[in-house]
Amino acid sequence: MSRSSSSSVQSLAMSEENHHNCADYAELRSNMQNLAKSSGITKALQAFRLMRTAAPGKPTIYDYNSLVNCCLKSENLCSHDLSTLYSEMKTLGLSPNASTFNTFLKGLNLIGESKVALWVTIEMCNHAFTPSFTSLSTLLKKCSDSMELEDAITVLELMMGLNYIPTEPQVILLINRLSKHGMTEKATLVLYKLLDKALFYGFCKKRLFKEASNCLNKMTTNSRFYPNVRTYTTFIKCLCDNGRIQEALSLLGRMEKRGLDPDIVTYNIILRALSNQNMVHEVFDLFQTIYQKELSPDRYTATALSGLLKKGNLGIARTLLHDIFYGGSDMDIAVYNVYYCLFSGFKSKELSYVIECMIKNDIEPNNITFNTILKGFCKGKSMDEALEYFQSIKKPDLVSFNTILSASCKKGDSKMVEKVIDLMKDEGFKLNVVGFTCLMQYYCNVGKLNDCLDVFECMISQGPRPSMVTINSLMIGLCKNQELEAAYRVFCNLESYGLSSDSRTYKILMRAAKIEGNDLLVEELQRKCRGEGVKPNN
DNA sequence: TTAGGGTTAG
C-alpha cells in the first residue's frame, strides 16, 4: 500500500518531460524481476543497479525486497547469493524494513541455513523490528534438527524475551537433544526457563493437579523462578473449576503464608466457586476480608455472585451487589445480565427499568441479555409468548434455540419441540450436545425410553459426544421410570463407549437402589466407589 | 504464542 501511494504521489508531481522515465522505471523493474527469477543473481543485480538511472531515489527498498523475493523463486539459490544480496543493500545505503528481514528469513529457512537465519533474526531485532512467533518457532525447530543446540538456546531466549512460548513438542525435542549430547546443564537451564511459563500453565490446563503441584513446589525452591500471585491464582482457578474448593482454599492459605497477597482477581475466582456451591456464609466472610484489605470489588466480583442468585439467595446477593454498584466501579453488560436474574418473574415494568438504566449508561444488550430474558419468558406459562419473544431476537444463536428447545422439552410440549427443531433446520443450526440432551430428557419425561436410548446410542456412534450432564440426565431419566437395571447396565458399559462416570452418577444410582431396597446393588455400588476412586463433579 | 477473573442453554 505504501509503495503504491508513494508512487501515485510521485506521478502526480511529475512534469511532462520525465514522464518517459516513469515508463522506463516500470520496464526496468519488471526486467529486473524476470532476470531474478530465471537468470541468476549476477544479471539480476546488474538490472537492479540500472534502475538508478530511472529516477532519483530509485531503486527503493520495495524494489529491493521484490528483487530478493524473485531471487527466492529461482531454483539454484544458495546462501552465498543471499549474502551477496545483503551486501548490496548495505552498499546502496538502503534502509531495510520488516518485510526485508522476513523475506530473507523465508529464503534462509527454505534452504535450511539456520545459522545465517539466526544472524538475520538478530539483525532484525537490532533494527527494532519484531520477528514473528512463526519465524522464531520455525528457526527453533531447524536449529534443534540440525543440532545447532547453542543456537537453539539463543532462539529460545529470544522467544522468551518476546513472551513467545514454544510448543510442547519443540521443547521436548530440544531437551532431548541436549540431554543425549551430555549437555545436561543446558537442558536443566531450558527446563527452568520454561518452568514458570509453559509447563506449569500446561499442567493446570490439562488438569494434571499432581504435576502442577509438584511444579509449583519445585518453583518455590528456586529464587529465580519463585511463583507469584498469578502463578498461584492460575492453580486456584484450575482447582475451583474442577470442584476442588477445599484444596483451592488451602492453597490460598499457603500462598498468604509465603508472603503473597491475593488480589481482587484471586478473590473473585474463589467467590465464584463459593457462590456456585451456594456456600453463603463463606461468601459473606470473604467479602469481609476483601473490604478489610481495602480491595475494591469490581464488575467481576458482581458477576461472580451469579451462583447465589441462581440458587435463590436473592437477599444477600442484592445487598452485596448494591455495595458493589455504589462503590464506584464501572459496570458493564455482563453485570446487567446477572442483575436481570434479580427480577425472577421478569415483570415488564422492572425489565423496562433495567433496560432504561442500561441505555442511560450507554450499555448495549447482547445475545446473553436476550437469552436471559428468553429464559424468563420460558419460565412463564405460555410457550407461545416465549416463541413470540424468541422471534423478536434479531440474530438468535444456538443458545437461544437451546433455551426454547429445553423449555419445550421440559414441558413435554411435543408440537413446540417439533416446531423448534424445524426452525433450527431452516436457519441452518445443528443440534449440539445440549440440544440432544434436552431431547433425551423429553423422551424420558413422556416415557419413550427406547427413543431416549436411541438418541444416546446415536450420539456415541456419530457424535456429538455425550457429556457428563448427558450421562447423568440419562441415569436420572431411567431411574425415574423405574428402569434401575437398565441404568446400571448403561453405567457398567460406559467405559466400553469411552465415557466415564462421576460422583453424581453414583449418587443417582445409589439413591434409586436404596429407594427400591436393592441391597445387592447398593453394596455393589459401594464397592465400585471405593475401588475406582470417584471423580469429583465438574 | 501472547501467564490469572465474570454473564445465556442440557
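Values reported hereafter were calculated over all heavy atoms of this structure, with side chains retained and with hydrogens, waters and symmetry mates removed. To find a chain, count down the sequence lines: A is the first, B the second, and so on, and within it residues start at 1.
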Exercise for the section: Give a yes or no on whether a donor-acceptor pair under 3.5 Å exists between the nucleobase atoms of B/dG6, that is its base, and the side chain of A/D298. Expected result: no

Exercise for the section: Please report, rounded to the nearest Å, how far the C1' atom of B/dT1 is from the CZ atom of A/F200. Expected result: 19 Å

Practice task
Looking only at side-chain atoms of A/I368, point me to the closest of B/dT8, B/dG6, B/dG10.
Solution key: B/dT8

Handout entry: Minimum-distance nucleotide (side-chain atoms of A/R230 versus B/dT7, B/dA3, B/dA9)
Key = B/dA3

Exercise for the section: Assess whether one donor atom and one acceptor atom, taken from the side chain of A/S473 and the base of B/dG10, lie less than 3.5 Å apart. Expected result: no

Handout entry: Short side-chain to backbone donor-acceptor contact, A/K411 and A/C378, under 3.5 Å
Key = yes

Fill in the blank from the handout: Among B/dA9, B/dT8, B/dG4, the one nearest any side-chain atom of A/N371 is B/dT8

Fill in the blank from the handout: Rounded to whole Å, the CG-C1' distance (A/L398 to B/dG10) equals 11 Å

Practice task
Name the nucleic acid region contacted by A/S137, choosing base, sugar-phosphate or nothing; use a 4.0 angstrom heavy-atom cut-off, strictly under.
Solution key: nothing

Practice task
Look at the side chain of A/T233 against the base of B/dG4 and say whether a donor-acceptor pair falls under 3.5 Å; ignore hydrogens and angles.
Solution key: yes

Handout entry: Presence of A/K237 side-chain N/O under 4.0 Å of B/dG6 phosphate oxygens OP1/OP2
Key = yes

Exercise for the section: Specify the separation, in whole Å, of atom CZ of A/F401 and atom C1' of B/dA9. Expected result: 13 Å

Practice task
Would you mind telling me which of B/dG10, B/dG6, B/dG4 lies closest to the side-chain atoms of A/V434?
Solution key: B/dG10

Practice task
Among the candidates B/dG4, B/dA9, B/dT8, find the nucleotide nearest to the side-chain atoms of A/T266.
Solution key: B/dG4

Handout entry: A/T231 (side chain) and B/dG4 (base): donor-acceptor pair under 3.5 Å
Key = no

Handout entry: Expected output: side-chain A/Q170 to main-chain A/L140 donor-acceptor under 3.5 Å
Key = no

Problem - Closest listed nucleotide, where the reference is the side chain of A/N402 and the choices are B/dA9, B/dG6, B/dT8 - result: B/dA9

Problem - d(CZ, A/F390; P, B/dT8) in whole Å - result: 19 Å

Practice task
Using a heavy-atom cut-off of under 4.0 Å over every strand shown, decide if A/S400 touches base, sugar-phosphate, or nothing.
Solution key: nothing

Problem - Presence of A/K410 side-chain N/O under 4.0 Å of B/dG10 phosphate oxygens OP1/OP2 - result: yes

Handout entry: Atom NZ of A/K293 with >12 non-hydrogen neighbours under 6.0 angstrom
Key = yes

Practice task
Side chain of A/V265 only, please: which of B/dA9, B/dG4, B/dG6 is the nearest?
Solution key: B/dG4

Handout entry: Length of the line joining A/E364:CD and B/dT8:P, which is rounded to integer Å
Key = 20 Å

Problem - Nucleotide of B/dT8, B/dG6, B/dA9 approaching A/T303 most closely (side-chain heavy atoms) - result: B/dG6

Handout entry: Any donor-acceptor N or O pair under 3.5 Å, side chains A/T403, A/S406
Key = no

Exercise for the section: Determine the interplanar angle of the A/F456 and A/Y497 rings, folded into 0 to 90°, and report it as parallel if under 30°, tilted if 30 to 60°, perpendicular if over 60°. Expected result: perpendicular

Handout entry: Polar side-chain atom of A/D502 near backbone of A/T505 as donor-acceptor pair, under 3.5 Å
Key = yes

Practice task
Could you check whether A/S467 gets within reach of a base, just the sugar-phosphate, or nothing at all, counting any heavy atom under 4.0 Å?
Solution key: base

Handout entry: Short side-chain N/O contact to B/dG6 OP1/OP2 from A/R299, under 4.0 Å
Key = no

Handout entry: A/I270 CD1 - B/dG6 P separation (whole Å)
Key = 13 Å

Problem - Distance, rounded to the nearest Å, where A/L251 contributes CG and B/dG4 contributes C1' - result: 13 Å

Exercise for the section: Establish whether the base of B/dG6 is bridged to the side chain of A/N337 by a donor-acceptor pair shorter than 3.5 Å. Expected result: no

Handout entry: Side-chain-base donor-acceptor pair under 3.5 Å for A/T301 and B/dG6
Key = no

Exercise for the section: Check every strand shown and say whether A/D397 touches a base, only sugar-phosphate, or nothing at a heavy-atom separation below 4.0 Å. Expected result: nothing

Problem - Protein-nucleotide distance (A/N228, atom CG; B/dA3, atom P), rounded to Å - result: 12 Å

Handout entry: Mutual orientation of the aromatic rings belonging to A/F401 and A/F390 [parallel < 30°, tilted 30-60°, perpendicular > 60°]
Key = perpendicular

Completion exercise
Closest to the side chain of A/F133, out of B/dA9, B/dT1, B/dG6, is B/dT1

